[in-house]
Amino acid sequence: MDTTVKTPDNNDSATAPSPAAEGVQPFLHDATVTLCAPSFVISHADGQLGGGADGFYHGDSRALARLAISVEGTALAPVAGGLEGADRADFQAILRGLGEVTADPAVALRRRRTVSSGRLEETFEVSNTGPRHVRFRLSVEAATDLAPMERVKSGHVLDDVPAEAVAGGLVWSHDGFVVRLLSIPAPDALNATAGRLSYDVELAPGQSWSALLSCTAAHEDGDQFPAAPADQVPWRTPVLRSADRRFDRWLKQSVADLDRLRLMDPRSGDGAGGRADQFLAAGAPWFLTLFGRDAIWAARMLLPMGTDLAAGTLRTLARRQGGVVDPATEEQPGKILHEVRRATQEFTDAFALPPVYYGTVDATPLWITLLHDAWRWGLAPEEVEQLLPHAESALAWMRDHGDAGGDGFLKYVDQTGRGLANQGWKDSGDSIRHRDGRLAAAPIALCEVQAYAYEAARGGAALLRAFGRPGADAWEEWAERLSGHFRERFWVEDARGPYPAVALDRDGRPVDSVTSGFGHLLGTGLLNREESALLAARLTAPDLDSGHGLRTLSSESVGFNPYGYHIGSIWPHDTAIAVHGLVRAGFPEAAAPLAAGLLTASAAFDARLPELFAGHGTGAGTRPAPYPASCRPQAWAAASSVLVLRSALGLDADVPGGTVTIAPTFAQQYGPLTVTGLQVAGGRLRVTVAADGIASAAAPDGLTVVGGGGGGTT
């Protein structure tokens, strides 16, 4: 995933959402996150905001750092609370001792939260169900540092910004960022210095009282990437009914989270139907903006729900495709960017990223493959054709700039000295290492990136040929040369047999650690059947398969750390890619236990799988431990549910060829099942798998359903 600062002591004893030591990344694992991109709220499990990463955020800035309720002389005892969807939460507490005549509680507080773009609304309602009149003072304390996201993520503590009193509330502002907190009714007392709004409340038996607090946040120059319209969701919403309700719930929660991660490109307006192009923000809280790699992978995983998101993602990134050589941003002609922020991110003196940063080696080939796959799922030919010049530029980047050493492999090196040391998806500084624990020296050629490049060259050739453009033969030849070089240079051997190294280092030597990267090679065409079988066996071995998903690094490697960001943790999207790759390569029996592990993990995380979690595995307990600073929700983690479902159904599309393939693999484990709301070629797709594994499907007119299990068209 897309990292910022990773320090050796990031896993010290501070626990979110309690305050962390300064300079240490805050923990989030027991926080409640409600979101509607580009806004979100992080709070304690009881609803209180205060400490660590807690706050209401908008557009990469913290609008509120504290919003805490108290009742004078009375303790609040939380009794219930949690999410009521992606953008809503509900919390309940008892006012202990107030109005009580028996052991039964008498006065209760309910706190309801709703987040929309640039707006947080909190309703506080106090109800008296006891036999006595009660009188109390309720106070809400609010404060903010208006901190930029990278300062929060780095654990830096900034001074509070003074508040200004206005009618009914408070206002904070700094550098064009304005935050307003208003109350209905107006508080009985307002103390701007303390940031306190107080209410004198008197309730007879059976009475209740409520107040609505609205907090708005806005940058004077507007949102960099505004929220997508609520009524313009760029996909059909799938509904799964299976014999395993965990799967149904996982898919439902994932799609709800994905809906609230939608952003739109303000440079657009020329998309299909004149609508603005949409893409998915990478995740909350750290990455709620445009990330090339994440947006591409998420859109690719969601293709069975329609091609509109893919088209919007492709166009959004194409508008920002590299056009010049700029060492400061690592821009190069044809290159797809890594991330976009409002301003330079200053993490440390030695680590800073510019607002538009191109430090990624894999987003460019992945962009080409997304265009190819979207075409096969039914993206309109005229929309595909408009993007072909960008595809040709991206292909040229692989040849002219990605292969900087001239040895036929795509590789990376941080040219600035202040950027990302590693520029694949495992982009933390310690992620690429030898089996004995030594870090690999750059330039580095990653194994999975060569698979992405191979698939992109083949897919690009198919597009060029289909649309009558030159170069198809040359790119197919380029891909075959890459495949041959990979077979010669990457394969190594240990006591268990041959396997591909995770990378080649600066001197062209194999970096021989065993990693989850094997899964990204499968099904791309880079490997033959025998090589794929070797990797299928590796992926199902207990050093990689934890029982909850794939470890990013073998537990047998020096440096393995179950809490290591990329050196032993489990990433749902990584495992889902392996599941799909195994099915594509013809090894569904190896994919099934990995999919089952993710499903088990999803239940442990209330159906909202995080960005990553700890890699201890089932040997350490039935429930996976969280990675405490993980994003949740995360776009490609949420989209993994759709990719696992697609893999279980053996679902594929070739709209140009007029077919939809339904060949159930391990779907029988969850059968009987029916999934509706899928989409291909702009039409509805319904799939049913009976308890005996026999499938039937209804596809749009003009498409023939083929594959194991039979089926038909409507």
Side-chain angles (χ1 to χ4, degrees), residues 17 31-36 39-50 54-58 63-72 74-96 98-99 105-129 134-144 163 166-171 179-190 195-204 206-217 227 230 256 260:
T32 298
V33 180
T34 48
L35 82 155
C36 182
S39 303
F40 62 92
V41 175
I42 302 174
S43 79
H44 293 51
D46 62 3
Q48 303 280 50
L49 279 68
D54 279 10
F56 167 44
Y57 294 80
H58 179 71
L64 284 178
R66 180 172 176 80
L67 191 67
I69 190 170
S70 63
V71 175
E72 189 174 285
T74 301
L76 296 182
V79 293
L83 294 175
E84 298 290 332
D87 56 358
R88 301 179 311 281
D90 196 325
F91 309 93
Q92 297 179 51
I94 302 300
L95 278 61
R96 291 300 307 273
L98 189 63
V107 183
L109 166 69
R110 185 178 183 186
R111 180 174 185 169
R112 287 172 288 177
R113 173 177 301 151
T114 303
V115 182
S116 55
S117 177
R119 188 178 190 88
L120 163 66
E121 290 190 349
E122 297 236 358
T123 299
F124 303 105
E125 182 177 8
V126 184
S127 300
N128 180 14
T129 56
V134 295
R135 182 180 299 139
F136 55 91
R137 168 161 279 206
L138 182 148
S139 296
V140 177
E141 293 186 6
T144 184
V166 296
L170 302 168
V171 174
V179 179
R180 302 178 189 276
L181 179 67
L182 301 178
S183 171
I184 301 175
D188 296 300
L190 179 63
R196 184 179 301 114
L197 295 80
S198 298
Y199 308 84
D200 294 319
V201 183
E202 184 173 353
L203 296 176
Q207 285 187 331
S208 62
W209 169 93
S210 66
L212 171 64
L213 268 67
S214 298
C215 184
T216 58
R260 288 299 179 256

Can you confirm whether [X] sits close enough to [Y] that some side-chain heavy atom of one is under 4.5 Å from a side-chain heavy atom of the other?
{"X": "Gln207", "Y": "Asn128", "result": "no"}
{"X": "Val140", "Y": "Leu181", "result": "no"}
{"X": "Phe91", "Y": "Asp46", "result": "no"}
{"X": "Asp87", "Y": "Leu35", "result": "no"}

Check whether any side-chain N or O of [X] sits under 3.5 Å from a backbone N or O of [Y] as a donor-acceptor pair, and report yes or no.
{"X": "Asp188", "Y": "Asp200", "value": "yes"}
{"X": "Thr114", "Y": "Glu121", "value": "no"}
{"X": "Gln48", "Y": "Ile69", "value": "yes"}
{"X": "Thr129", "Y": "Ala106", "value": "yes"}

| request: For side chain to side chain contact (heavy atoms under 4.5 Å, CB included), just list the numbers for Val107 and Ile94, CA-CA rounded to whole Å, side-chain angles, deciding distance to a tenth of an Å, and then say yes or no. | output: CA-CA 6 Å; Val107 183; Ile94 302 300; over 6 Å; no

How close do [X] and [Y] get, counting heavy atoms only, and between which atoms?
{"X": "Leu203", "Y": "Ser208", "answer": "CD2-C, 3.7 Å"}
{"X": "Ala31", "Y": "Ile42", "answer": "CB-CG2, 3.7 Å"}
{"X": "Ala217", "Y": "Ala63", "answer": "CB-CB, 3.7 Å"}
{"X": "Gly169", "Y": "Leu190", "answer": "O-CD2, 3.3 Å"}
{"X": "Thr34", "Y": "Ala89", "answer": "CG2-CB, 3.7 Å"}
{"X": "Gly168", "Y": "Leu197", "answer": "O-CD2, 4.4 Å"}

| query | Is atom CD1 of Ile184 surrounded by more than 12 heavy atoms (other residues, nucleotides or ligands) closer than 6.0 Å? | reply |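 No, the 6.0 Å shell around CD1 holds no more than 12 heavy atoms from other groups.
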
| query | Between the side chains of Arg113 and Ser43, is a donor N or O closer than 3.5 angstrom to an acceptor N or O? | reply |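 Per modelled atom types, Arg113 and Ser43 side chains form a pair under 3.5 Å.
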
| message | Test side chain to side chain contact (heavy atoms under 4.5 Å, CB included) on Leu67 and Leu120; report intermediate values, then the result. | response | CA-CA 11 Å; Leu67 191 67; Leu120 163 66; 4.3 Å; yes

If I take atom [atom1] from residue [X] and atom [atom2] from residue [Y], how far apart are they, to the nearest 0.5 angstrom?
{"X": "Leu182", "Y": "Leu213", "atom1": "CG", "atom2": "CG", "result": "8.5 Å"}
{"X": "His58", "Y": "Phe40", "atom1": "NE2", "atom2": "CZ", "result": "11.0 Å"}
{"X": "Leu98", "Y": "Arg96", "atom1": "CG", "atom2": "CZ", "result": "11.5 Å"}
{"X": "Arg137", "Y": "Tyr199", "atom1": "CZ", "atom2": "OH", "result": "11.0 Å"}
{"X": "Arg260", "Y": "Ser39", "atom1": "CZ", "atom2": "OG", "result": "11.5 Å"}
{"X": "Thr144", "Y": "Leu170", "atom1": "OG1", "atom2": "CG", "result": "11.5 Å"}

| query | Does a side-chain N-to-carboxylate-O contact under 4.0 Å join Arg112 and Glu84? | reply |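 Salt bridge: no.
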
| query | With sequence neighbours excluded, what pairs up with Asp90 under the salt bridge (charged side-chain N to carboxylate O under 4.0 Å, His left out) test? | reply |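 With neighbours one apart ignored, the set is Arg110.
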
| request: Could you list the residues that satisfy side-chain hydrogen bond (donor to acceptor under 3.5 Å, both in side chains) with Ser198, not counting sequence neighbours? | output: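 side-chain hydrogen bond (donor to acceptor under 3.5 Å, both in side chains) list for Ser198, sorted by chain: Ser139.
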
| request: Please step through side chain to side chain contact (heavy atoms under 4.5 Å, CB included) for the pair Val126 and Val201, ending with a clear verdict. | output: CA-CA 9 Å; Val126 184; Val201 183; 5.6 Å; no

